[in-house]
Amino acid sequence: MRKLLPILGTNGASHPGGRSALTCRFRCGDACFHEVPNTTANDYVGDVIAGALSRRSMMRAAAVVTVASAAGTAALTAGAPQAQAAVPAAHGKDGDKGGKGHGTKGKAARGLRFTPVAPNTADKVTVPEGYRQNVVIRWGEPILRGAPAFDPDRQTAEAQAGQFGYNNDFLALLPLPGERDRRLLVANHEYTDEVLMFRGYDPENPTREQVGIAWAAHGLSAVVVEGDKRTGALTAVPRHPLNRRVTATTEFRLTGPAAGSDLLKTSADRSGRKVLGTLNNCSGGTTPWGTTLHGEENFNQYFAHGSRTTDTRYGIGTGATERKWERFDKRFDIAQEPNEVHRFGYVVEFDPYDPDSTPRKHTALGRFKHEAATVRLTDDGRPVVYTGDDERFDYFYKFVGSKRMRKGTSRAVREHNLSLLDEGTLYVARLTGDSPAIEVDGTGRLPGDGEFDGAGEWIPLATATAEGAVSHVKGMTAEEVFVFTRLAGDRVGATKMDRPEDIEPNPVTGKVYVALTNNSNRGVGSNAKADEANPRNANKHGHVLELTEHRNRPESTKFAWSLFLVAGDPDDPATYFAGFPKDDVSPISCPDNVAFDPYGNLWISTDGSALGSHDGLFGVATRGDRRGELKQFLTVPTGAETCGPVVQDRRVLVAVQHPGEVDGASVEEPASTWPDGPGKIVRPAVVAVWRADGSDIGA
């Protein structure tokens with residue numbers, strides 16, 4: 001099944017994983033080449049352990065703590081996505097314990113019965129035999145009434161504001177009641193690659209029009225799409241009344257405990273409650289009440305001339321920015337507008353069914369580099385949101401709401417549900433291993449008990465109520481906790497992780513999966529050494545953590561954890577695939593976004609593979625005899641990243657982000673000709689994949 005390729009020179013060997021220097025510049029502002037923002041001396045998992053601890057005895061002693069209690073169970077909003085409520089864990093044949101009873105005989109898990117795609121470097125989307133694909137929508141395609149056809153040589157900011165944005169990331173495919181064969185597609189637009197967008201682009205002297213186009217290409221798109229039952233293809237419906245663009249200049253509402261704080265007030269907004277735009281939206285999630293969530297990630301790169309300790313902790317540079325936006329709007333210059341940067345780095349909530357609604361930034365979920373935000377309901381209908389801070393040696397978090405979701409679609413019900421993420425408690429994770437520290441040597445070799453595993457606790461940072469907010473962090477006010485959440489995590493001794501990215505609960509088992517993309521600085525120099533939750537020094541391939549909340553209740557403050565996957569070349573002794581035989585799995589590197597299919601299989605998209613192949617989408621069984629069997633479903637074109645997977649019964653969607661993003665590439669000298677072939681500008685796009693015979697995916 002396996003075929004490895006040599007590391008490609010175009011990937012830039014000096015960069016983390018397989019990322020190019022171009023990716024590092026435009027996507028995250030060279031975050032991996034800055035000093036590590038987290039310089040605190042928190043305890044590490046390996047240092048905390050005095051001896052081998054029993055995970056099971058710790059879990060038996062753990063108490064269930066909730067932020068609020070309420071009677072009854074909330075029903076789902078009509079037509080909204082299904083809630084990911086806690087469900088009983090599987091046992092017996094389909095139990096979740098890995099490492100025993102695995103074999104390669106028989107069929108793959110249902111949902112994963114396809115011939116794996118071999119690692120490759122083809123400049124196209126490669127899918128399994130017997131599957132078909134089509135481009136759903138490309139950057140620049142008009143979606144609003146009056147928007148012109150895309151012309152890269154005559155692009156304007158006004159045109160871009162009515163067209164599909166750039167670098168699509170998170171995707172949500174929502175029901176559209178009353179419109180047969182149609183769905184509502186919502187997409188994030190994380191960032192812009194100006195050198196791949198504008199002919200003759202001068203990075204030292206961008207024009208005002210180019211900057212305006214970039215502002216309009218950021219944000220979100222909502223666009224109705226229609227399925228073709230005969231072919232499985234999915235196409236955009238332009239000028240539909242629900243189609244919408246949200247950009248870097250759209251008005252947003254700040255909500256929750258920090259809204260109105262002096263820390264959020266600027267010369268343009270004396271109220272501290274209104275902000276223009278959203279930036280660097282990476283992954284996200286859907287809510288059971290029918291909205292979408294979007295994480296503002298590498299917002300730091302857009303702000304110039306940082307000087308404060310808080311700026312440094314968030315990775316904000318002291319000089320000019322790459323894009324030079326501060327030349328055209330003073331709000332991007334911290335020296336002139338010191339609080340504007342405090343208004344970014346939140347989870348955005350967007351109501352795609354109301355084209356006149358004002359999107360919200362929820363301060364109660366904290367401010368950091370949110371990779372995603374996924375929702376699960378407690379038994380009594382309160383939301384629990386998981387989210388990661390995508391930075392080397394930073395943390396992952398959970399928010400437990402105190403208000404119950406209401407059913408219905410009336411305006412009053414929707415307003416109530418839109419306030420659910422403004423009241424509750426924000427927690428950060430601390431993990432403890434159950435093996436002696438001496439057995440975690442940084443090579444990835446399994447400890448004596450045969451697993452990287454242990455126990456954990458959710459440490460409360462602050463609680464927000466209708467009457468006000470209370471800090472649980474000594475020396476910090478509640479407002480400071482919600483605006484400078486990284487510093488709060490530092491103070492309570494949260495566990496430093498290897499870039500926590502997407503975090504999602506499995507709708508079948510209730511277990512929670514955390515993608516940890518990589519950390520080439522782990523154990524290097526004075527940086528934190530390997531621990532049981534991050535067991536490899538110079539971790540260039542990443543891993544996936546499996547978390548089980550105490551009694552499988554999402555509001556619990558205790559959990560058990562184990563490493564489900566340790567990524568890389570299966571021939572590398574440091575890799576681990578939940579105990580499944582490694583001679584029958586696909587190689588994988590740098591897990592990023594995750595999703596689940598209807599059977600509870602975990603689907604993983606990758607970002608920056610360090611194995612020489614292009615990035616791709618992988619499916620892996622999470623339970624049963626095939627637990628840990630990982631198979632590659634597709635690969636993306638040259639320079640691209642696989643994002644936003646949506647896996648349904650008969651269709652898979654992926655966002656092909658930044659194709660052609662290779663060192664030295666430009667409009668004049670492209671590294672990729674995808675999706676439209678030679679002579680056409682390279683364009684990020686959304687792709688749909690289906691079985692040629694119309695049957696279920698992988699069944």
Side-chain angles (χ1 to χ4, degrees), residues 8-12 14-16 18-33 123 138-140 150-157 159-160 163-169 189-219 247-248 279-280 297-298 300-302 304 317 319-328 332 607-608 614-615 636-641 643 655-685:
L8 305 177
T10 54
N11 280 343
S14 62
H15 288 254
R19 283 186 176 181
S20 70
L22 191 61
T23 301
C24 292
R25 283 171 55 203
F26 284 102
R27 183 204 179 143
C28 56
D30 276 330
C32 292
F33 292 90
D123 188 28
R138 300 162 173 78
W139 162 51
F150 179 66
D151 185 340
D153 294 319
R154 293 177 176 83
Q155 183 72 318
T156 66
Q160 178 64 82
Q163 299 166 339
F164 193 70
Y166 198 81
N167 270 344
N168 32 227
D169 196 302
H189 301 296
E190 186 175 2
Y191 68 101
T192 47
D193 277 307
E194 280 79 351
V195 296
L196 300 181
M197 296 170 65
F198 305 121
R199 194 178 302 278
Y201 181 71
D202 180 357
E204 296 301 318
N205 295 288
T207 68
R208 176 63 178 80
E209 188 66 34
Q210 288 170 337
V211 169
I213 293 169
W215 289 345
H218 277 72
T247 73
L279 298 171
N280 216 261
E297 192 188 23
N298 293 299
N300 58 298
Q301 64 175 298
Y302 300 91
T321 66
E322 172 73 34
R323 293 176 177 80
K324 312 293 190 295
W325 288 4
E326 63 274 16
R327 294 181 184 177
F328 304 95
F332 296 109
D607 171 21
H614 286 177
D615 281 313
V636 292
T638 302
E641 170 190 351
C643 295
V656 178
Q657 193 188 85
H658 59 72
E661 198 175 68
V662 170
D663 294 350
S666 65
V667 173
E668 294 81 5
E669 297 185 17
S672 171
T673 61
W674 190 87
D676 298 320
K680 303 291 186 179
I681 194 168
V682 62
R683 298 164 73 178

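With ring centers used as reference points, F164 lies under 6.0 Å from H189. Under the 6.0 Å cut-off for aromatic ring centres, H614 and W674 do not qualify, their centroids lying 6.0 Å or more apart.
Residues Q210 and Q155 have side chains that never bring a donor and an acceptor to within less than 3.5 angstrom of each other. Side-chain contact annotation: Q301 with E322, donor-acceptor N/O pair under 3.5 Å absent. For the residue pair T207/E209, the side-chain donor-acceptor check at 3.5 Å is not satisfied. For the residue pair Y302 / N280, a side-chain donor-acceptor distance below 3.5 Å is found, with atom types taken as modelled. Side-chain atoms of D169 and Q657 form a donor-acceptor pair, as typed in the model, at a separation below 3.5 Å. Looking at W139 and Q160, their side chains do bring a donor and an acceptor atom within 3.5 Å of each other.
Side-chain N or O atoms of R323 include one that pairs as donor or acceptor with a backbone N or O of T192 at under 3.5 Å. Although no hydrogens or angles enter the test, the distance criterion places a donor-acceptor pair under 3.5 Å between the side chain of D123 and the main chain of T673.
When all heavy atoms of A671 and V662 are compared, the pair lying nearest together is CB-CB, 3.7 Å. Taking both residues in full, the closest heavy atoms of G608 and D615 are given as N-OD2, 2.8 Å, listed atom of the first, atom of the second, then distance. Shown here for V667 and P670, the closest heavy-atom pair between the two residues is O-CD, 3.6 Å. Considering all non-hydrogen atoms of both residues, E661 and G639 come closest at CB-O, 3.7 Å. Of all heavy-atom pairs spanning A214 and W325, the tightest one is CB-CZ2, 4.0 Å. Shown here for R199 and E668, the closest heavy-atom pair between the two residues is CG-OE2, 2.9 Å.
No side-chain heavy atom of Y201 sits under 4.5 Å from any side-chain heavy atom of S666. Looking at heavy atoms from C-beta onward, Y166 lies in side-chain contact with L196 at the 4.5 angstrom threshold.
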Criterion side-chain contact (heavy atoms from CB on, under 4.5 Å) on L279 and Y191, from CA distance to verdict:
CA-CA 7 Å; L279 298 171; Y191 68 101; over 6 Å; no
